[in-house]
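Proteins get letters first, then strands, A, B, ... in listed order; numbering begins at 1 in each.
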Amino acid sequence: MSSANNKTRPTPARRLRTMHETLAQAYGPQHWWPAKTPFEVILGAYLTQNTAWKAVERSLANLKNAGAVTLEGIRALPVEKLQELIRPSGFVTRKAQAVKAFVALVDEEFRGSLARVAATPAGPLRTRLLGLPGVGPETADAILLYAFGKAVPMADEYLRRIVERHRLISPAPNHNRKGYEALTSLTRDAFAADSPNRHADLYNEFHALVVAVGKAHCGRTAKCGGCPLAGDLQRYGPKVL
DNA sequence: CGCCAGGCCGTGT
DNA sequence: ACACGGCATGGC
């Protein structure tokens, strides 16, 4: 046997489901995504790529002042002006072009209607989004889940760290596409026993809680002191990193 | 003043 | 397939 308590150790999916409850107790309802409209969610999803949310807030404030938190607002904006407005969140060349490309997709393939985009089934829509420049799996899933309410689990750097540090999955290949899918697959498994009509809400809340705990405790170096999940790690994990 | 943030992409092996 | 830098900017 590899360890003394193998028999009583829950499956990784079970542990993750329990961690969701622990986080929900610790942090309460998160009311995600922090945005008023689906399009604002989408803009935030682009802008927050490898960027602190605080910086995204300043960019969104700039866009609001310019009346550009709408499809038509972005359409009317020259890319140079768009770059200027989103400058606080960095990677402006790429992000401005990427946002323009999203609007172009809506215009050219959905006749300018975000509602028509939202009405598209999650699978095909995910493929379309992944075909856009500046949209990887996480951005695509954030849009599907938080802008359009699809029952799509999402993962991020924080979840990867939590899952790795708690040894829920093997040390794993770094960062690549396969690693991301392992995380979303594990998340699906974690909530598989829950009613399907609750999955969208559960995925929504779970990721929001992961970010909440992640910001406080799951930086590049772990800050496990005071972490609500420390008990789980102590009980089942080999050691705190 | 360095490190880093709610990733993605191109290039090299 | 997978590792590795670069990408821009501002907070702490």
Side-chain angles (χ1 to χ4, degrees), chain A residues 19-20 23 27 29-35 38 40-63 79-102 105 126-148 152-165 169-184 186-187 203-223 227 229 241:
Chain A
M19 288 163 69
H20 171 74
L23 292 173
Y27 295 109
Q30 298 299 297
H31 310 299
W32 260 40
W33 185 288
E40 186 180 344
V41 174
I42 292 165
L43 290 174
Y46 277 96
L47 296 177
T48 196
Q49 291 170 4
N50 197 49
T51 303
W53 184 254
K54 183 78 176 178
V56 176
E57 287 180 322
R58 277 182 286 112
S59 292
L60 288 172
N62 290 343
L63 290 168
V79 274
E80 298 78 21
K81 183 64 179 172
L82 180 54
Q83 288 182 25
E84 187 181 319
L85 295 175
I86 68 174
R87 193 161 303 282
S89 40
F91 303 103
V92 293
T93 307
R94 207 187 278 175
K95 285 175 178 176
Q97 190 268 347
V99 167
K100 280 288 191 179
F102 176 85
L105 174 75
R126 187 173 197 271
T127 301
R128 307 313 304 278
L129 292 174
L130 288 175
L132 287 169
V135 178
E138 182 177 342
T139 303
D141 289 338
I143 291 171
L144 291 168
L145 177 61
Y146 290 106
F148 300 138
V152 174
M154 67 171 294
D156 71 339
E157 178 65 12
Y158 290 140
L159 182 61
R160 189 188 67 74
R161 288 171 185 163
I162 291 169
V163 164
E164 279 194 7
R165 290 169 184 174
I169 61 178
S170 52
N174 256 352
H175 243 44
N176 53 31
R177 184 65 171 283
K178 207 171 294 182
Y180 181 88
E181 287 177 5
L183 292 173
T184 54
L186 179 62
T187 301
Y203 296 152
N204 179 318
E205 196 64 14
F206 177 64
H207 179 250
L209 290 165
V210 165
V211 173
V213 72
K215 281 181 173 176
H217 301 285
C218 312
R220 188 61 186 96
T221 65
K223 293 173 289 185
C227 178
L229 300 177
L241 298 184

Handout entry: Nearest-0.5 Å distance, CH2 of residue A/Trp32 to CG of residue A/Leu209
Key = 9.5 Å
Completion exercise
Output for pair (A/Phe206 CZ, A/Thr187 OG1), nearest 0.5 Å, gives 5.0 Å
Handout entry: A/Gln30 backbone acceptor or donor facing A/Glu205 side chain under 3.5 Å
Key = yes
Using whole Å, report how far [atom1] of [X] lies from [atom2] of [N].
X	N	atom1	atom2	value
A/Gln97	B/dG10	CD	P	10 Å
A/Asp156	B/dC4	CG	C1'	15 Å
A/Trp33	B/dG6	CH2	P	11 Å
A/Ile143	B/dC8	CD1	P	10 Å
A/Gln30	B/dG6	CD	P	14 Å
A/Leu130	B/dC8	CG	P	9 Å
A/Gln49	B/dA5	CD	P	15 Å
A/Ile42	B/dG7	CD1	P	18 Å

How far apart are the closest heavy atoms of [X] and [Y], and which atoms are they?
X	Y	result
A/Ile42	A/Ala147	CG1-CB, 3.8 Å
A/Val213	A/Val210	CG1-O, 3.3 Å
A/Leu82	A/Ala96	CD2-O, 3.5 Å

Practice task
Evaluate whether the aromatic ring of A/Trp53 and the six-membered ring of the B/dG6 base sit under 5.5 Å apart, centre to centre, with an inclination under 30°.
Solution key: yes
Handout entry: Note: A/Glu157-A/Arg160 ion pair, threshold 4.0 Å (strictly below)
Key = yes
Practice task
For the pair A/Lys81 and A/Glu84, find out whether any cationic side-chain nitrogen is under 4.0 Å from an anionic carboxylate oxygen.
Solution key: yes
Practice task
With a 4.0 Å heavy-atom cut-off, tell me which residues in residues 212-220 of chain A come close to DNA chain B, sorted by residue number.
Solution key: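 Residues of residues 212-220 of chain A under 4.0 Å from DNA chain B: A/Lys215, A/Gly219, A/Arg220.
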Problem - Residue met sooner reading DNA chain B from 5', once A/Val135 and A/Ala52 are mapped to nucleotides - result: A/Ala52
Handout entry: Given DNA chain B, 5'-ward residue of the pair A/Trp32 and A/Pro133, judged by closest heavy atom
Key =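 Here A/Trp32 is the residue nearer the 5' end.
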[N] and [M]: how far apart are their [atom1] atoms, nearest whole angstrom?
N	M	atom1	result
C/dT9	B/dC1	C1'	16 Å
C/dG10	B/dC8	P	22 Å
C/dC7	B/dC4	C1'	14 Å
C/dG6	B/dA5	C1'	16 Å

Practice task
Taking only the side-chain nitrogens and oxygens of A/Arg58, find out if one of them lies under 4.0 Å from OP1 or OP2 of B/dA5.
Solution key: no
Practice task
Indicate whether OP1 or OP2 belonging to B/dG7 is found under 4.0 Å from a side-chain N or O atom of A/Thr48.
Solution key: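 No, outside the criterion.
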Please write out each protein N/O paired with an N/O of nucleotides 6-8 of chain C under 3.5 Å, distance rounded to 0.1 Å.
from: C/dG6; atom 1: N2; to: A/Arg94; atom 2: NH1; distance (Å): 3.3
from: C/dG6; atom 1: N2; to: A/Arg94; atom 2: NH2; distance (Å): 2.7
from: C/dC7; atom 1: O2; to: A/Arg94; atom 2: NH1; distance (Å): 3.2
from: C/dC7; atom 1: O2; to: A/Arg94; atom 2: NH2; distance (Å): 3.3
from: C/dA8; atom 1: OP1; to: A/Thr93; atom 2: OG1; distance (Å): 3.2
from: C/dA8; atom 1: O4'; to: A/Phe91; atom 2: N; distance (Å): 2.8
from: C/dA8; atom 1: N3; to: A/Phe91; atom 2: N; distance (Å): 3.4

Handout entry: Flag for A/Lys95-A/Ser59: side-chain donor and acceptor within less than 3.5 Å
Key = no
Sequence neighbours excluded and cut-off under 3.5 Å, please list the side-chain donor-acceptor pairs for residues 128-146 of chain A, or say none.
from: A/Arg128; atom 1: NH1; to: A/Glu109; atom 2: OE1; distance (Å): 2.8
from: A/Arg128; atom 1: NH2; to: A/Glu109; atom 2: OE1; distance (Å): 2.3
from: A/Arg128; atom 1: NH2; to: A/Glu109; atom 2: OE2; distance (Å): 3.0
from: A/Thr139; atom 1: OG1; to: A/Gln49; atom 2: NE2; distance (Å): 2.8
from: A/Asp141; atom 1: OD1; to: A/Arg126; atom 2: NE; distance (Å): 2.7
from: A/Asp141; atom 1: OD1; to: A/Arg126; atom 2: NH2; distance (Å): 3.4
from: A/Asp141; atom 1: OD2; to: A/Arg126; atom 2: NH2; distance (Å): 3.1
from: A/Asp141; atom 1: OD2; to: A/Tyr180; atom 2: OH; distance (Å): 2.6
from: A/Tyr146; atom 1: OH; to: A/Asn204; atom 2: O; distance (Å): 2.6
from: A/Tyr146; atom 1: OH; to: A/His207; atom 2: ND1; distance (Å): 3.4

